[in-house]
Protein chains: 2
Amino acid sequence: MSRHPELVASLREAGHRWTPQRESVLAALAESARHLTAEEIIARVRVRYPYLNKSAVYRNLAFLTRLGLVHQTDLGHGHIEYELHQDPHHHHLICRHCHHVLQIDHAALATLGKKLERDFGFQADLDHFAIFGVCKKCQTRAAKTAKRAAR
Amino acid sequence: MSRHPELVASLREAGHRWTPQRESVLAALAESARHLTAEEIIARVRVRYPYLNKSAVYRNLAFLTRLGLVHQTDLGHGHIEYELHQDPHHHHLICRHCHHVLQIDHAALATLGKKLERDFGFQADLDHFAIFGVCKKCQTRAAKTAKRAAR
DNA sequence: GTATTTATTGCAACTGATTGCAATAAGGAG
DNA sequence: CTCCTTATTGCAATCAGTTGCAATAAATAC
């Protein structure tokens with residue numbers, strides 16, 4: 001019936017249902033190691049389940065996100081990207097010039113989390129964070145261009 | 001002609017033009033002390049300029065953002081919010097339960113910025129950051145509910 | 001003033017995503 | 001198994017935002 005028996009049981013206890021549509025969305029994410037856009041998920045799900053409605057996909061992505069099974073991130077590509085939640089926690093540094101995405105691990109943000117907790121009593125969701133900025137390469141490239149322009 | 005003579009001059013030097021539409025979008029933001037959604041901006045602009053097309057508003061918001069005059073933030077209300085860029089830099093802690101927005105100043109994130117620079121050579125845009133999580137109030141409320149459920 | 005260049009606008013078509021609602025079907029009870 | 005409740009689906013309408021393109025008009029040169 002399902003390859004996620006404990007998950008399914010806990011969903012049912014909470015009054016939710018385990019439908020083929022829901023399973024297929026989760027399966028599409030589980031079979032991909034990387035982020036997928038909603039459009040990619042719909043395409044993959046329809047390989048097995050050709051007439052699945054897109055609103056069911058969007059609603060299940062929101063549902064799985066609420067459960068904490070799925071993460072939504074805006075990596076600046078114009079579409080939200082989804083991925084299965086899996087440890088270790090990581091974050092992304094996204095260059096606004098070359099759009100390169102550098103993955104960093106949670107340690108870099110642990111201090112900030114503690115600080116927000118201590119100073120404001122705020123329990124931040126510092127998981128899978130997207131930070132925009134300028135990467136090393138583009139900084140040096142920009143410096144060179146500025147120099148050339150100055151001459 | 002305009003209440004922003006230096007701005008207009010520098011735009012012209014860069015090959016841009018200063019149109020009534022562009023001015024009216026900037027004016028709408030300047031007259032509001034707080035964040036506005038695109039819809040609110042369109043409504044305010046149309047008080048003086050009834051037939052302005054929405055795509056001109058969106059394009060000018062993007063344009064002013066590229067110039068660094070305007071900031072876009074997703075405060076989790078389902079719409080992007082815009083505001084005139086003004087110091088001092090600040091950030092937002094947004095509770096995912098009660099949706100309360102707590103404004104904090106830049107000091108809290110300064111350490112993170114230095115760390116990203118030092119460890120990864122990444123110059124992060126740590127300006128007007130939105131951090132989601134659970135606020136103090138909702139944490140204590142959740143703790144009480146859990147206790148009650150345990151009985 | 002007129003002519004030229006081209007950034008910007010207005011419009012209409014379109015995209016990704018959301019929503020209201022009736023129909024369906026999952027899960028539990030008998 | 002059948003019956004019942006209601007979470008979920010499918011569909012169509014809708015919404016916020018984007019895009020292609022021809023028309024307009026801002027800025028510059030003359």
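From a predicted model like this one, the values you see are computed outputs, not experimental measurements. In the text below, chain A, chain B and the rest are named by the order of the sequence lines, each starting its count at 1.
Regarding B:Arg17, its CZ atom lies at a distance of 4 Å from the C1' atom of C:dA7, rounded to whole Å. In this structure, CG of B:Asp74 is placed 15 Å from P of D:dA16, rounded to the nearest angstrom. Rounded to an integer number of Å, the gap from CG of B:Leu61 to C1' of C:dT9 is 15 Å. Taking atom CD of residue B:Gln72 and atom P of nucleotide D:dA16, one finds them 17 Å apart after rounding to whole Å. The CZ-P distance, from B:Arg22 to D:dA26, rounds to 12 Å in whole Å. Atom-to-atom, CH2 of A:Trp18 to P of C:dA26 comes out at 13 Å; the value is rounded to the nearest Å. Distance CD1 (A:Ile80) to C1' (C:dT15): 14 Å, rounded to an integer number of Å. Spacing between atom CG of A:Asn60 and atom C1' of C:dT18 amounts to 15 Å, rounded to whole angstrom units.
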query = Under the side-chain contact (heavy atoms from CB on, under 4.5 Å) criterion, do B:Lys115 and B:Arg118 qualify, and how do the steps go?
reply = CA-CA 5 Å; B:Lys115 192 180 177 62; B:Arg118 175 162 38 81; 4.1 Å; yes
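Remark: side-chain polar atoms of B:Glu23 are not paired, donor with acceptor, to backbone N or O of B:Trp18 under 3.5 angstrom. In this structure a side-chain-to-backbone donor-acceptor pair under 3.5 Å is present from A:Ser10 to A:Leu7. With A:Gln139 contributing its side chain and B:Gly121 its backbone, the two residues share a donor-acceptor pair below 3.5 Å. A donor-acceptor pair is defined here as one N or O able to donate and one able to accept, closer than 3.5 Å; such a pair exists between the side chain of B:Arg46 and the backbone of B:Leu52. Under a 3.5 Å cut-off, the side chain of B:Thr140 and the backbone N or O of B:Lys137 do form a donor-acceptor pair.
In this model, the phosphate group of D:dA27 is approached by a side-chain N or O of B:Arg12 to a distance below 4.0 Å at OP1 or OP2. For A:Thr19 and C:dA25, the shortest distance from a side-chain N or O to OP1 or OP2 is not below 4.0 Å. Listed pair B:Tyr58 / D:dG17 meets the phosphate criterion, a side-chain N or O lying under 4.0 Å from OP1 or OP2.
When all heavy atoms are compared, the tightest approach of A:Phe122 to B:Ile94 is CZ-O, 3.5 Å.
Residues from residues 34-45 of chain A that place a heavy atom under 4.0 Å from any atom of DNA chain C, listed by number: A:Ala38, A:Glu39.
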query = With the sugar-phosphate defined as primed atoms, P, OP1 and OP2, and the base as all remaining atoms, what B/S/- string results for nucleotides 10-15 of chain D, 5' to 3', for protein heavy atoms under 4.0 Å?
reply = BB----
Side-chain donor/acceptor pairs under 3.5 Å, residues 62-71 of chain B, sequence neighbours excluded:
unit_1, atom_1, unit_2, atom_2, d
B:Thr65, OG1, B:Leu61, O, 2.6
B:Thr65, OG1, B:Gln72, NE2, 3.2
B:His71, NE2, B:His85, ND1, 2.9
B:His71, NE2, B:Asp127, OD2, 3.0

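Comparing B:Phe63 and A:His16 by the nucleotide of DNA chain C that holds the closest heavy atom to each, the one mapping nearer the 5' end is B:Phe63.
Note: the hydrophobic cluster containing A:Leu126 also contains B:Leu109 (ILVMFWY, side chain heavy atoms under 4.5 Å, direct or indirect links).
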